[in-house]
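In what follows, chains are A, B, ... by sequence order, proteins preceding strands, each numbered from 1.
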Amino acid sequence: MIKVRIAPSPTGYLHVGTARTAIFNWLLARNQKGKFVLRIEDTDIKRSSQEMTQSIIDSLKWMGLNWDEGPILQCDRLENYKKNAEELIKTKLCDFCYCTEEDLKPRKQTALAEKKSWKCDRPCLKLSPDERQKWIARPSAVRFFTESDGKVSFMDKLHGELTKDLHDIEDFILMKSDGTPSYNFACVVDDHEMGITHILRGEDHISNTFKQIIIYKAFGWEPPVFIHVPMILGADRSKLSKRHGAVSVLEYRDKGILPETLVNFLALLGWSPGGDREVLSMEELISEFSLDKLGVTGSIFDYQKLEWMNGEHINRLSDDELLKKIKDCIDVPNTQHFSEYPVSEIDNELSKKREILKKFISENEEYTKKVIALLKPRMKTLLDMESYFFVEPTEYDEKGAGKYLTQEGKQRLELLKTRLSELTEFSVENIEAVIRKIAEELGIGAGLLIHPLRLALTGKTVGPSLFHLVEVLGKERVVQRIEKTMAWIK
RNA sequence: GCCCCUAUCGUCUAGCGGUUAGGACACUACUCUUUCAAGGUAAAAACACGGGUUCAACUCCCGUUGGGGGCGCCA
């Protein structure tokens, strides 16, 4: 049985790159009926936080990536790494290193100045027993000594056999002097002890993998299968980062992206089921997923396509499901938790809209459902709900008002108001019939009634079908808004 | 600087020796229409370059160039 894992570090919010790696691992596990493990790599004590661990867990849950084991915290396993390191020291392949950062720095710089690749000159190895005694009180790290001859290699499922000269690999740290393991060491110990069979991760880890293979060998352990997937890139083709825009999963949630959209979209970055299919449900992704359909080149994160795909997923939802998703989205704690990001105007606007919707939807669920049915085909995000459905328009589109909200327009609005309020059954058919009838009586095009009416009701010149709009808003709101507009015209 | 990975429309990709190189996003027309979307139809748009291998290369091999990543007691 295969067993995979996602091993995020709680030093920040879940990055879409990490999320995509999680998705691949999860899909592989679910497709193969294997196990998916969540391991939190919190060994960088200074930069890790419990808050971030929680937000990563929230993100994974939101995306629907459930795990079978974990969350396992590496900091709970410190003794274990220590024990393994001690075992390895006996083999003489690694040993205590008493060098401090200040000791190392000048030596490293000299090597670099001579255009040599840096390699520790291992002074601690040459310590006499007396000298060693002197240093022993000093916090020590455990350093692995890489051979200078030979090669390391491993099979990567995507790239084939990858090889590197041992000469090009520097001596690296296994245990840091604060007692925590280094990434490479903890990773190997955990993956081995947890019985991980496939390591699928970003290709920025390829150079780490060589070191990890060395550790596997030192222990005499069998390495798992490696799959290094390409990176997600920003528009300028560099590694996707904050300066490219939103990189946190939670930001997409807060913007009104559906979890199934994000999973679908991310899965398609570097993977394809083959053929023309693009919009896939979680179930379809699981059944279609396979390692040999993974690509090898980096891909740019295209927000426009994500929005399009979100619209597709929204339209596949029933009105009831959509209402629930919108409620979920509104209930989410506000974007303020992104204290590390400057709150942009857009974020502020979204917050405001969220507040309006929150208050309104809970009080008018049936009405909201009608709004949703009308808006669904044009929604790109869950927050794409024009606020005029919920609050009266406070201003009118300048150009449109100049054209339609004239004295003549006022007379027409008056007529519309009277005739619409006379309707006993306020249905699309009746509304359309009345408006067309008035147009006929006045001998004008229906547009000359429709445009001012839309302006009066929404303040805008664009929007969904006017007759449907009138029906959804209901007689009371329609009459009231027409009156308000007539007063505005003076 | 050293090492590693990589190369199909602007973007995501299909292709797995013989194709009019297909789809999607975006863009542009047209259509539908009360407007804006959506939908429909159409247009435009790519195999980085140079050598091989082969009857035949986008497909295989080698270089060049371009792009990305890594070189921490970060993960």
Asks: Name the nucleic acid region contacted by Leu306(A), choosing base, sugar-phosphate or nothing; use a 4.0 angstrom heavy-atom cut-off, strictly under.
Replies: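 No contact at all - Leu306(A) keeps every heavy atom at 4.0 Å or more from the nucleic acid.
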Asks: Taking the minimum atom-to-atom distance to the side chain of Ile206(A), which one of C12(B), C5(B), G68(B) wins?
Replies: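 For Ile206(A), the side-chain atoms sit closest to C5(B).
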Asks: When the distance from CD1 of Ile314(A) to P of A38(B) is rounded to whole Å, what number comes out?
Replies: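 To the nearest whole Å, that distance equals 14 Å.
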Asks: Among Arg237(A), His244(A), Lys305(A), find the one that has a side chain to side chain contact (heavy atoms under 4.5 Å, CB included) with Ile300(A).
Replies: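 With Ile300(A) as partner, Arg237(A), His244(A), Lys305(A) yield a single side chain to side chain contact (heavy atoms under 4.5 Å, CB included), made by Arg237(A).
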Asks: Taking only side-chain N and O atoms of His205(A), does any of them lie within less than 4.0 angstrom of OP1 or OP2 on G70(B)?
Replies: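 For G70(B), neither OP1 nor OP2 has a side-chain N or O of His205(A) closer than 4.0 Å.
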Asks: Indicate, yes or no, whether a donor-acceptor pair under 3.5 Å links the base of A26(B) to the side chain of Lys305(A).
Replies: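 No such pair is found, so the answer is no.
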Asks: Assess, by modelled atom type and distance only, whether the side chains of Thr485(A) and Tyr396(A) contain a donor and an acceptor separated by less than 3.5 Å.
Replies: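 Distance-only check passes for Thr485(A) and Tyr396(A).
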Asks: Could you check how far NE2 of His451(A) sits from P of U33(B), rounded to whole Å?
Replies: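 Rounding to the nearest Å, NE2 of His451(A) and P of U33(B) are 14 Å apart.
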Asks: A37(B) and C25(B): how far apart are their P atoms, nearest whole angstrom?
Replies: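 These two P atoms come out 16 Å apart once rounded.
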Asks: Counting only side-chain heavy atoms from C-beta out, which of C12(B), C5(B), U34(B) sits nearest to Arg454(A)?
Replies: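 The listed nucleotide nearest to Arg454(A)'s side chain is U34(B).
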Asks: Heavy atoms under 4.0 Å, any strand shown: does Gly447(A) hit a base, just sugar-phosphate, or nothing?
Replies: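 Nothing, no heavy atom under 4.0 Å.
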Asks: Counting only Watson-Crick pairs (N1-N3 plus N6-O4 or O6-N4) and G-U wobbles (N1-O2, O6-N3), all under 3.5 Å, who is the partner of G63(B)?
Replies: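 When the pairing criteria are applied, C49(B) turns out to be the nucleotide that pairs with G63(B).
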Asks: Does this structure show an ion pair linking Glu87(A) with Lys83(A), if we count only N-O contacts that are shorter than 4.0 Å?
Replies: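 Looking at Glu87(A) and Lys83(A), the cut-off is not met.
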Asks: What is the distance, rounded to the nearest whole Å, between atom CZ of Phe172(A) and atom C1' of A75(B)?
Replies: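 The answer, rounded to whole Å, is 15 Å.
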Asks: Can you see if the side chain of Thr100(A) gets near the phosphate of C73(B) - specifically, an N or O under 4.0 Å from OP1 or OP2?
Replies: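 For Thr100(A), the contact criterion (side-chain N or O under 4.0 Å from OP1 or OP2 of C73(B)) is not met.
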Asks: Measuring from the side chain of Ile300(A) (C-beta onward, heavy atoms only), which nucleotide among C12(B), C3(B), G69(B) has the closest atom?
Replies: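 My answer, after comparing the listed nucleotides, is C12(B).
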Asks: Taking the six-membered ring of Tyr303(A), is the NZ or CZ of Lys255(A) close enough (under 6.0 Å from the centre) and on axis enough (within 45°)?
Replies: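 Verdict for Tyr303(A): a cation-pi partner in Lys255(A).
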Asks: Paired with G72(B) by Watson-Crick or G-U wobble geometry, both distances under 3.5 Å: which nucleotide is it?
Replies: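 Base partner found: none.
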Asks: Does a donor on one side chain sit under 3.5 Å from an acceptor on the other, for Thr180(A) and Asp178(A)?
Replies: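 Yes, side-chain donor-acceptor contact under 3.5 Å.
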Asks: Considering only the P atoms, how many Å lie between A21(B) and A45(B), rounded to the nearest integer?
Replies: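 After rounding to an integer number of Å, I get 13 Å for this pair.
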Asks: Looking at Arg237(A), I'd like to know whether one of its side-chain N or O atoms comes within less than 4.0 Å of OP1 or OP2 on A7(B).
Replies: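 Indeed not, no polar side-chain atom of Arg237(A) lies that close.
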Asks: Between U34(B), U13(B), G15(B), which nucleotide has the shortest distance from any of its atoms to the side chain of Ser272(A)?
Replies: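 The answer is U13(B).
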Asks: Without decimals, in angstroms, what is the distance between Arg277(A) CZ and G22(B) P?
Replies: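 That distance rounds to 21 Å.
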Asks: Would you indicate what Glu41(A) reaches in the nucleic acid, counting non-hydrogen atoms under 4.0 angstrom: base, sugar-phosphate, or nothing?
Replies: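 Result for Glu41(A) = sugar-phosphate.
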Asks: If only side-chain N and O atoms of Arg143(A) are considered, is one of them under 4.0 Å from the OP1 or OP2 phosphate oxygen of G72(B)?
Replies: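 For G72(B), OP1/OP2 do not have a side-chain N/O of Arg143(A) under 4.0 Å.
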Asks: Considering only atom C1', compute the distance from U64(B) to C73(B) and round it to an integer number of Å.
Replies: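 The same atom, C1', in both gives a distance of 41 Å.
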Asks: Answer whether the closest heavy-atom distance between the side chains of Lys211(A) and Lys164(A) falls below 4.5 Å.
Replies: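 SC-SC contact between Lys211(A) and Lys164(A) ruled out.
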Asks: From the set C3(B), C74(B), C5(B), return the single nucleotide nearest to any side-chain atom of Asp44(A).
Replies: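 Closest of the options to the side chain of Asp44(A): C74(B).
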Asks: State the pairing partner of U28(B); accept Watson-Crick or G-U wobble contacts with both distances under 3.5 Å, and report none otherwise.
Replies: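 Base partner found: A42(B).
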Asks: Look at all strands and tell whether Ser177(A) reaches a base, only sugar-phosphate, or nothing, counting heavy atoms closer than 4.0 Å.
Replies: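 Base, at least one base heavy atom under 4.0 Å.
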Asks: Separation of Met52(A) atom CE from A75(B) atom P, in whole Å?
Replies: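 Result: 17 Å.
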Asks: Tell me whether the centres of the aromatic rings in Tyr183(A) and His205(A) are closer together than 6.0 Å.
Replies: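 Yes.
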Asks: Between the base of A38(B) and the side chain of Asn315(A), is there a donor-acceptor distance below 3.5 Å?
Replies: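 Not at all, since no donor on one side and acceptor on the other fall under 3.5 Å apart.
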Asks: When rounded to the nearest Å, what value does the distance between P atoms of G52(B) and A46(B) take?
Replies: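 It comes out at 27 Å once rounded to the nearest Å.
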Asks: With a 4.0 Å limit, can you tell me whether Lys176(A) has a side-chain N or O closer than that to the phosphate oxygens OP1/OP2 of A75(B)?
Replies: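 Answer yes for this pair, as a side-chain N or O of Lys176(A) is under 4.0 Å from OP1 or OP2.
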Asks: In this structure, how many angstroms lie between the C1' atom of C12(B) and the CG atom of Asn264(A), rounded?
Replies: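 Those two atoms, CG and C1', are 12 Å apart.
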Asks: Mind checking the C1' distance from G23(B) to G63(B)? Whole angstroms is fine.
Replies: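 Per the computed distance, 34 Å lies between those C1' atoms.
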Asks: Of all the nucleotides listed (A75(B), A24(B), U35(B)), which has the minimum atom distance to the side chain of Ser465(A)?
Replies: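 Out of A75(B), A24(B), U35(B), the nucleotide with an atom closest to Ser465(A)'s side chain is U35(B).
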Asks: Asp204(A) side chain: which of U35(B), A7(B), G69(B) is closest?
Replies: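 Given the options U35(B), A7(B), G69(B), the side chain of Asp204(A) is closest to G69(B).
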Asks: Using a heavy-atom cut-off of 4.0 Å across all strands, would you classify Gly202(A) as base, sugar-phosphate, or nothing?
Replies: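 Here Gly202(A) touches no strand at all.
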Asks: Counting only Watson-Crick pairs (N1-N3 plus N6-O4 or O6-N4) and G-U wobbles (N1-O2, O6-N3), all under 3.5 Å, who is the partner of U19(B)?
Replies: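 U19(B) is paired with nothing.
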Asks: Hey, does the side chain of Lys239(A) come within less than 4.0 Å of G70(B)'s phosphate (OP1/OP2), counting only N and O?
Replies: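 Answer is yes, contact under 4.0 Å.
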Asks: Whether the Glu193(A) and Asn84(A) side chains hold a donor-acceptor pair (N or O, under 3.5 Å, no angle test) is what I'd like checked.
Replies: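 Looking only at side-chain atoms, Asn84(A) and Glu193(A) do form a donor-acceptor pair, the distance falling under 3.5 Å.
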